[in-house]
Structures are given as structure tokens and as C-alpha cells.
Amino acid sequence: MIKTTIDNLLSVKPFLQQLAGMEMRARDGFIVLRMLKALDKEYEIIETTQRKLYDNYCEKNEDGTYKINEEGNLLLKPETINEFNEEITAFLATEVKIDCEKLNVNLIEELQFSPAQLLKMETFFDI
């Protein structure tokens with residue numbers, strides 16, 4: 001069982017997908033794929049919750065799509081910015097439990113990650 005936050009969960013998936021594309025022993029590959037499958041279940045719930053937040057706080061076009069700015073970011077309704085920030089911060093800090101075992105740290109010896117990336121992945125590895 002792995003305990004982490006939603007924020008950490010969102011940022012670690014690309015690294016785990018990169019890891020899944022590497023050659024490794026069958027047992028390790030199974031554990032990586034099992035972890036990704038467990039994460040996918042959580043992502044579905046997270047994405048549903050995010051859509052509800054966006055529906056409540058984001059400006060929409062006439063066709064129901066979200067308005068975006070020049071940088072590609074969603075536009076928030078001006079009167080709800082503070083409320084949205086409070087709610088999204090609490091949401092991202094929510095602790096979740098993933099039903100899978102941790103990965104062996106030796107799996108990432110050949111990959112290059114920044115210290116910040118490794119810090120986010122630390123929860124998912126048996127160090």
C-alpha cells in the first residue's frame with residue numbers, strides 16, 4: 001500500500017510510464033504495470049472531480065467548452081478565483097492510498113531524473 005497526495009500522483013505518472021517502456025525482469029515489469037493500472041483507477045476519479053471543479057469555476061464558451069487564454073490556461077470566473085484556489089489546493093493535498101507494492105529503486109538507476117523529480121517519486125520506491 002502506497003500513501004501519497006493527489007498532487008504527487010498527478011506528477012509521477014509520466015515517470016512511471018517511461019519506466020514501463022524499459023527492458024526489465026518479468027517480475028519488475030509486472031509490478032510496474034500493476035502500479036500503473038492501480039493509478040489509472042485513481043486518475044479516473046481525479047479527472048471526474050477536476051471536471052466538476054472546472055464546471056463550477058471556469059468560464060465557458062457558448063458551445064459549453066472552457067474558455068482559455070493565450071497561454072492555453074483555463075479562464076476562471078473572476079469572482080470565484082479565491083474560492084477555486086482554496087478548493088484546488090485542498091483537493092491536491094488530499095491523501096490517497098494506492099493498493100500496490102513499491103518498486104525496487106534499482107529500476108531507475110539507468111534513467112536520468114532531476115532531484116525534484118526523484119523527490120516526487122520517492123513514495124513509490126522501496127529505498
Side-chain angles (χ1 to χ4, degrees):
M1 183 77 60
I2 297 173
K3 291 182 185 179
T4 190
T5 63
I6 290 174
D7 185 39
N8 195 36
L9 198 61
L10 290 171
S11 46
V12 79
K13 188 174 181 182
F15 308 121
L16 294 174
Q17 289 172 325
Q18 179 183 359
L19 187 61
M22 292 179 44
E23 294 290 324
M24 63 185 73
R25 297 182 332 200
R27 180 185 187 285
D28 293 331
F30 174 78
I31 294 169
V32 169
L33 292 176
R34 187 167 180 263
M35 180 180 285
L36 283 169
K37 187 173 181 179
L39 292 180
D40 283 342
K41 291 179 184 178
E42 291 296 325
Y43 278 107
E44 287 178 28
I45 298 167
I46 291 168
E47 287 172 0
T48 299
T49 304
Q50 284 176 320
R51 274 193 300 277
K52 288 180 183 177
L53 280 170
Y54 300 154
D55 284 343
N56 289 334
Y57 296 106
C58 292
E59 293 185 12
K60 293 184 182 176
N61 295 306
E62 289 181 21
D63 64 358
T65 59
Y66 301 116
K67 290 185 178 181
I68 56 171
N69 63 16
E70 301 80 36
E71 292 86 34
N73 299 316
L74 296 173
L75 288 176
L76 296 173
K77 298 173 189 171
E79 68 277 9
T80 67
I81 291 174
N82 290 337
E83 188 178 341
F84 172 81
N85 286 335
E86 289 175 19
E87 194 162 346
I88 195 74
T89 299
F91 171 65
L92 293 173
T94 302
E95 188 174 276
V96 292
K97 295 177 184 174
I98 309 299
D99 186 22
C100 59
E101 64 183 280
K102 291 185 176 190
L103 301 170
N104 186 323
V105 73
N106 295 334
L107 292 175
I108 59 172
E109 286 180 344
E110 296 179 25
L111 298 177
Q112 294 184 12
F113 295 109
S114 71
Q117 292 169 325
L118 289 171
L119 184 62
K120 290 197 175 280
M121 294 178 8
E122 179 180 30
T123 306
F124 295 85
F125 289 91
D126 189 18
I127 300 174

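These numbers come from the heavy atoms of this one structure, side chains and all, not from hydrogens, waters or symmetry mates. The structure presented is a predicted model; accordingly, all values stated were derived computationally and were not measured.
- A distance of 10.5 Å separates SG in Cys58 from CG in Asn73, rounded to the nearest 0.5 Å.
- Within the 4.5 Å cutoff, the side chain of Thr48 has no heavy atoms near those of the Glu44 side chain.
- Scanning all heavy atoms of the two residues, the minimum distance from Ile2 to Glu101 falls at CD1-O, 4.1 Å.
- Residues Tyr66 and Arg51 approach most closely at OH-O, 3.5 Å, considering heavy atoms.
- Residues Cys100 and Met35 come closest through the heavy atom pair SG-CG, 3.8 Å.
- A side-chain donor-acceptor contact under 3.5 Å links Thr94 to the backbone of Phe91.
- Around the NZ atom of Lys60, the shell of radius 6.0 Å holds more than 12 heavy atoms that belong to other residues, nucleotides or ligands.
- The CD1 atom of Ile88 sits 9.5 Å away from atom OG1 of Thr49, with the distance rounded to the nearest 0.5 Å.
- The closest side-chain heavy-atom distance from Asn56 to Thr80 is not below 4.5 Å.
- Asn69 places a side-chain N or O within 3.5 Å of a backbone atom of Gly72 that can act as its donor or acceptor partner.
- Between Glu47 and Gln50 there is a side-chain heavy-atom pair separated by less than 4.5 Å.
- At most 12 non-hydrogen atoms from other residues, nucleotides or ligands lie less than 6.0 angstrom from CD of Glu62.
- When hydrophobic clusters are built by joining Ile, Leu, Val, Met, Phe, Trp and Tyr residues whose side-chain heavy atoms come closer than 4.5 Å, directly or via intermediates, Val105 is grouped together with Phe124.
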Would you tabulate the side-chain donor-acceptor contacts of residues 5-23 under 3.5 Å, counting partners in other chains and residues two or more places apart, or write 'none'?
unit_1	atom_1	unit_2	atom_2	d
Thr5	OG1	Asn8	N	3.1
Asn8	ND2	Thr4	OG1	2.8
Asn8	ND2	Lys120	O	3.0
Ser11	OG	Asp7	O	3.1
Ser11	OG	Asn8	O	3.1
Lys13	NZ	Asp40	OD1	2.6

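- Applying the 6.0 Å contact sphere to NZ of Lys97 captures no more than 12 heavy atoms from other residues, nucleotides or ligands.
- Two residues are said to be in side-chain contact when any heavy atoms from C-beta on lie closer than 4.5 Å; Asp28 and Leu103 fail this criterion.
- Side-chain contact between Met1 and Asp99 is present, with at least one heavy-atom pair separated by less than 4.5 Å.
- Counting all heavy atoms, side chain and backbone alike, Pro78 lies closest to Glu59 at CD-OE2, 3.3 Å.
- Nearest heavy atoms, Lys3 versus Thr123: O-CG2, 2.9 Å.
- Side-chain atoms of Asp63 come within 3.5 Å of backbone N or O of Thr65 as a donor-acceptor pair.
- For the side chain to side chain contact (heavy atoms under 4.5 Å, CB included) with Tyr57, the qualifying choice from Leu75, Leu76, Asn85 is Leu76, the only one to do so.
- Across all non-hydrogen atoms, the minimal contact from Lys77 to Asp55 is NZ-O, 4.2 Å.
- Tracing side-chain contacts under 4.5 Å through hydrophobic residues (I, L, V, M, F, W, Y), one never reaches Ile45 starting from Tyr54; they form parts of separate clusters.
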